[in-house]
Protein chains: 2
Amino acid sequence: MATDRDTVLEAAVGVLSRRPTAHMDEIARAAGISRATLHRLFPGRDALIREVGLLGLQRFAAALDTADTGAGDAEAALRRLVDASVPDAMLCAFLAGENQLYEHDDINDLWEVQIARLHALFLRGQQEGVFRIELSAAWLSEAFFDLVAGIGWSIQDGRLAPREAAFSLAELFLGGALRRPDARTPHPPAHSTPDRKPETDTP
Amino acid sequence: MATDRDTVLEAAVGVLSRRPTAHMDEIARAAGISRATLHRLFPGRDALIREVGLLGLQRFAAALDTADTGAGDAEAALRRLVDASVPDAMLCAFLAGENQLYEHDDINDLWEVQIARLHALFLRGQQEGVFRIELSAAWLSEAFFDLVAGIGWSIQDGRLAPREAAFSLAELFLGGALRRPDARTPHPPAHSTPDRKPETDTP
DNA sequence: CAATTCTGAGACATGACTGTCTCATTTGGC
DNA sequence: GCCAAATGAGACAGTCATGTCTCAGAATTG
């Protein structure tokens, strides 16, 4: 029985991350409360969805703060970000699946701020020679967030043990994102070779 | 103006992959036809969604067929799968975001068959020493599909050039999934070290 | 123990989307 | 140019979820 707003939000995430179109009935039952009480806590469905999205973005922003992505080695910063964001992976899964949120301008702005922070981290890592420059920072940002969401879905469905989550995410993503100090790309790309030039953001 | 069923389905994917709750009106407008004609082509919304999902699964199954994932080097097989599945990345994005599909048993079965084929490819690669065994084949399967979906979203939103898609996916994913022939893991995992034992499926 | 507050269950009206229909218009074939 | 088929626009009822209300019962507080 969860009468707290935050507790209800947590329960709502559990339902909405898998079924974004869940009715108020389902959300209320998932939280162990009645539909009436749910409406007493949140003005309506829109407000509830919006608050869940806001919670997710705030948690992800807090993870970026905790990881202190602007300091030190870019690889170490990303590892800190992995550890900080995996506990809220389910919220990220909700954010990835709920594209209806982007109708609200404030949510959209907050989202873009966090993506910009991710982008900046990858750009810095590329300029420092830590991350590969053949992959655009935008793609690295997108892929990282998608994998965090994938972690959330996998854990929720019982396909991934929570203890393995951070390790699995860090090893898979960093393996593909880090420049190899010794070995070059295992095979030269046979398809289209994007001759990407190292980007700069601070002119 | 798209009067063909397949053309309408393609247009529907474009809308539904981003807004899974789009109304019939929006889908019809996206296809350039009226709501009446849309209803003449498909019995109802459920049938339309179901056919889009079926199309996505059939395309992904066809990609697995084309790639011939059971033959030859596992890495080469995965590279073939990347090339074969990237053109249908938007459909995979739809599949990843539309969890409501899994109420239909036939769709669910077809889905699990394809995931099993992916899983088998990664398991084989692990047994042949091509893919890392510290990451479970289940996680590799999930991550691969999530990244294909991410490719689809990125292309649709104009954040990734279609020409770079296959390269970006293959390099990022294979970099994290392949065993490094010479260099070991850049940093020994400081967090929890899952002492995974190499799995077997054919006893 | 009594009073207050909060919750759950249900009823109710509202609104939105869906599915079906009709009819005028257009398209395409002959 | 005529006829047939198909399309678009709109109207219509049905359905479902939402949001609000009331009331009885439970929990908490004094």
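Quick caveat, the model's predicted, so the values are computed rather than measured. Residue numbers start from 1 in every chain, and the chains themselves are labelled A, B, ... in the order their sequence lines are given, proteins ahead of strands.
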Inset, instruction - Show the numbers, then the answer: is there a salt bridge (charged side-chain N to carboxylate O under 4.0 Å, His left out) between A:Arg50 and A:Glu103? - result: CA-CA 10 Å; A:Arg50 207 176 149 289; A:Glu103 298 171 357; over 6 Å; no
Legend entry - A:Leu48 CG to D:dA17 P, straight-line distance once rounded to whole Å: 17 Å
Inset, instruction - Go through the steps to decide whether B:His23 and B:Arg45 satisfy the test side chain to side chain contact (heavy atoms under 4.5 Å, CB included), and finish with yes or no. - result: CA-CA 9 Å; B:His23 309 316; B:Arg45 188 175 204 282; 5.9 Å; no
Inset, instruction - Check whether any side-chain N or O of A:Ser34 sits under 4.0 Å from OP1 or OP2 of C:dA9, and answer yes or no. - result: no
Inset, instruction - Starting from P on D:dA17, measure out to CD1 on A:Ile27 and report it in whole angstrom. - result: 13 Å
Legend entry - Gap between atoms CD1 and P, on B:Ile49 and C:dC17 respectively (whole Å): 15 Å
Inset, instruction - Answer yes when B:Glu10 and B:Arg59 have at least one side-chain N-carboxylate O distance shorter than 4.0 Å, and no when they do not. - result: yes
Legend entry - Degree of bending, the helix from C:dC1-D:dG30 to C:dC30-D:dG1 (end axes from five pairs; round to 10°): 40°
Pick out the pairs of N or O atoms, protein on one side and nucleotides 19-28 of chain D on the other, that lie under 3.5 Å.
residue: D:dG19; atom: OP1; partner: A:Arg45; partner atom: N; Å: 3.3
residue: D:dG19; atom: OP2; partner: A:His39; partner atom: NE2; Å: 3.2
residue: D:dG19; atom: OP2; partner: A:Arg45; partner atom: N; Å: 3.0
residue: D:dG19; atom: N7; partner: A:Arg35; partner atom: NH1; Å: 3.1
residue: D:dG19; atom: O6; partner: A:Arg35; partner atom: NH2; Å: 3.2

Inset, instruction - Starting at atom NE2 of B:His23, determine the distance to atom P of D:dA17, rounded to an integer number of angstrom. - result: 15 Å
Legend entry - Verdict with supporting geometry, A:Arg124 and A:Leu121, side chain to side chain contact (heavy atoms under 4.5 Å, CB included): CA-CA 5 Å; A:Arg124 179 170 74 90; A:Leu121 169 61; 3.9 Å; yes
Inset, instruction - Establish, yes or no, whether a centroid distance under 6.0 Å links the rings of A:Phe145 and A:Phe122. - result: no
Inset, instruction - Examine the side chains of B:Arg117 and B:Gln114 and answer whether a donor and an acceptor come within less than 3.5 Å of each other. - result: yes
Legend entry - Minimum side-chain heavy-atom gap B:Phe144-B:Leu140 below 4.5 Å: no
Legend entry - Integer-rounded Å distance: C:dA9 P and A:Asp25 CG: 10 Å
Inset, instruction - State, yes or no, whether a side-chain contact exists between B:Leu160 and B:Trp153 at a heavy-atom distance under 4.5 Å. - result: no
Inset, instruction - Indicate whether the side chain of A:Gln156 and that of A:Ser17 have a donor and an acceptor atom separated by less than 3.5 Å. - result: yes
Legend entry - Atom-pair distance (CG on B:Leu41; C1' on D:dA5), nearest Å: 14 Å
Inset, instruction - For A:Arg5 and C:dT7, give me the distance from atom CZ to atom P, rounded to whole Å. - result: 13 Å
